[in-house]
> 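Here's a structure for you.
Worth knowing before you read on, the calculation uses all heavy atoms, side chains too, and leaves out hydrogens, waters and symmetry mates. Proteins come first, then strands; the chains are lettered A, B, ... in the order of their sequence lines, and each starts at number 1.
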Number of protein chains: 2
Amino acid sequence: MHSLMEDDQLSSLIQQIKNRLNHLSEAEKRVGAYITKYPELVPNMTSKDLSIKADVSEASVVRFCKSIGAANFKTFKLELAKELTLSHEDLTDFSSLQKKDSPYDLFCKVTQLNKRAIESTQLSLERKNFEKAVEHLLSADRIIFFGVGGSSIAAIDGSYKFSRLGYHSVMTPDFHQLAATIPFLTSSSVFVAVSMSGKTKDILQLAKLMKNKNACIIAITNAQNSPLFKLSDIQLCTPVVEQDFRIGSIASIMTQLNIIDALYLSVFHLSGNQLVDQYREAREAVIKFRR
Amino acid sequence: MHSLMEDDQLSSLIQQIKNRLNHLSEAEKRVGAYITKYPELVPNMTSKDLSIKADVSEASVVRFCKSIGAANFKTFKLELAKELTLSHEDLTDFSSLQKKDSPYDLFCKVTQLNKRAIESTQLSLERKNFEKAVEHLLSADRIIFFGVGGSSIAAIDGSYKFSRLGYHSVMTPDFHQLAATIPFLTSSSVFVAVSMSGKTKDILQLAKLMKNKNACIIAITNAQNSPLFKLSDIQLCTPVVEQDFRIGSIASIMTQLNIIDALYLSVFHLSGNQLVDQYREAREAVIKFRR
DNA sequence: TCATTTATGAAACTTAATTTCATTATTTTT
DNA sequence: AAAAATAATGAAATTAAGTTTCATAAATGA
């Protein structure tokens, strides 16, 4: 019976703390417990911060460091920071926001969360679909972005970016205004539907109307098997990210934007250099116009 | 003669220092020179140590850190330590997009870039300022978000999020419409100005007008010493991120949004549970309304 | 039970980081 | 070219962070 060594994955410092946890005194144990729970928050903390979080004195924090073999608190933090960049094992338990979390703690947690969400876009996005999407966008005669609520942000960003590339690209939050443009669509029009759940009625309805015009429907969504997922021609899936049950999903906007960014960059890149000059012009105009 | 590519190996922070070296003042330049020469020694040094080695004052060391976009000496050391452990495998050299890059390659690069940008928000954001900002927002009688171009995205997201918390929170891209609301501002109104460069004229002008009303001006910007930076009461700095010279900064939107997310979450968290119920109600209304 | 050891936090102390401020150099304006 | 404004700088003061000391309390063992 060889190994149940799942923990081998963890970096050695954290592992070492875990191993020693039982040999430590009560106070030091609490310090170790906190550190192993939120390792990535620690390098930004002071000894006082940590003492409060672990509910011990500052002296105990220092003693903890010495117990596990560090010269002092500072070298310990440094070592921990280094190790965390190596191990992508990441333990931020976002779902349990502590009552005593300070704003800065929350900032650190959100940053972790967003970072991780973006990282895992690589997991959820299918290469082939992405390349198909780029292809369609490249030759699009117009691009319509749409999203409601939180997803409207990504839609706005998309329409903004593609406009700058010279595309006829729009996003309005107004369903009816958008519906009015449908008669003018062709089979080379592209509808980019952004929706986390893939169930938003407005989006589904628009998508159906566009489908009648043979427009290409690209869905940026995280829900497999949602109506939108099934209805769309190309699915660009965002990862399912942790949510706080009270405030919903913060990070999913990031994953949507990340995909939009990649689409934008790819289209820009492929559409070649003839665009660059036009782009520069537009950019200069903007700079001048910073009146 | 092999390759001139030695710099490709370098991590972005050190590379960034090298790039900026010529734009720095004499004393800061010496600090940067020392750091790029002996980067692995620096994380264990104190500001005094480094000041002696670089033959400058301690103040200049601190100033150097701010110049390159770090919140303070400590976050700088931390970031440097992290980057040094990332062995030279990290080749996201964004500045040289290869002609042969496939869309999916570009997707991966963008993802890396965005991830890294968010991560380094921890470098640039000052804890104290962040906590001050949260405090002001908590007791704000109204919140005005403003940004133009790419930065409008974050402003929209901010107004959207804070509206959901029940705040009187607005963002319009229309300068004049916004200006018209100024007479109604009080000293507990908050103006959140989002601008990468900190030079956008519209924003500066609005900020000045709001200042007359004693409103609190929070700047989300990456440029230290920009007019906006100086004009504002609280500065929340985004990190200076790699840019592609042709398409500008993609990732900075992410860093802006990350800060907005953190502000939102903090205010939500602090404003306590009485809000939760109202929030749930609003949420349910939205779900029902997905007609 | 009483001595001894161990664990702990409060407070004192030491060290480090940051800011302020006066001085000097540099640039711009007149 | 002189005067004014601006920017750069380090010394010193201030503030923050880390460490040690010491008194106290709990646990252990004769």
> dA16(C) C1' sits how many Å from Asp49(B) CG, rounded?
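Between C1' of dA16(C) and CG of Asp49(B): 10 Å.
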> Do side-chain atoms of Glu58(B) reach the backbone of Ser47(B) as a donor and acceptor pair under 3.5 angstrom?
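Here the side-chain-to-backbone pair does not exist.
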> Just how far, in rounded Å, is P of dT6(C) from CG of Leu24(A)?
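Going from Leu24(A) (CG) to dT6(C) (P), I get 16 Å.
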> In whole Å, what is the span from the CD atom of Glu28(A) to the C1' atom of dA7(C)?
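The distance from CD of Glu28(A) to C1' of dA7(C) comes to 9 Å, rounded to the nearest Å.
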> May I ask you to decide if the ring planes of Phe73(A) and Phe76(A) are parallel, tilted or perpendicular, using 30° and 60° as cut-offs?
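The arrangement is parallel - the two ring planes meet at less than 30°.
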> Quick one: Ile52(A) CD1 to dA10(C) P, roughly how many Å, whole number?
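Nearest whole value for this atom pair: 11 Å.
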> CZ of Phe76(A) versus P of dT19(D): gap in Å, rounded?
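It is 12 Å, rounded to the nearest whole Å.
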> Would you say the side chain of Asp157(B) lies within less than 4.5 Å of the side chain of Phe145(B), judging by non-hydrogen atoms?
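They are not in contact (no side-chain heavy atoms under 4.5 Å apart), so the answer is no.
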> If you measure from the Lys or Arg side-chain nitrogens to the Asp or Glu carboxylate oxygens, is any gap between Lys132(B) and Asp233(B) under 4.0 Å?
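A salt bridge is absent here (no side-chain N lies under 4.0 Å from a carboxylate O).
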> Rounded to the nearest Å, what distance is computed from the CG atom of residue Leu78(A) to the C1' atom of nucleotide dA17(D)?
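In whole Å, dA17(D) C1' and Leu78(A) CG are 16 Å from each other.
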> Once you apply a heavy-atom cut-off of 4.0 Å, does Val61(A) come out as touching a base, just sugar-phosphate, or nothing?
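Touches nothing.
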> N/O contacts under 3.5 Å, protein versus nucleotides 17-20 of chain C?
{"from": "dA17(C)", "atom 1": "OP1", "to": "Lys77(B)", "atom 2": "NZ", "distance (Å)": "2.9"}
{"from": "dA17(C)", "atom 1": "OP2", "to": "Ser47(B)", "atom 2": "N", "distance (Å)": "2.6"}
{"from": "dA17(C)", "atom 1": "OP2", "to": "Ser47(B)", "atom 2": "OG", "distance (Å)": "3.3"}
{"from": "dT18(C)", "atom 1": "OP2", "to": "Phe73(B)", "atom 2": "N", "distance (Å)": "3.2"}
{"from": "dT19(C)", "atom 1": "OP2", "to": "Lys66(B)", "atom 2": "NZ", "distance (Å)": "3.0"}

> Using a 4.5 Å cut-off on heavy atoms from C-beta on, say whether the side chain of Thr181(B) contacts that of Val170(B).
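No, their side chains stay 4.5 Å or more apart.
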> Please report the distance, rounded to the nearest Å, between CZ in Phe64(B) and P in dG10(D).
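Taking atom P of dG10(D) as the reference, CZ of Phe64(B) is at 14 Å.
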> Once the angle between the rings of Tyr167(B) and Phe162(B) is folded into 0 to 90°, is it parallel (under 30°), tilted (30 to 60°) or perpendicular (over 60°)?
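The arrangement is perpendicular - the two ring planes meet at more than 60°.
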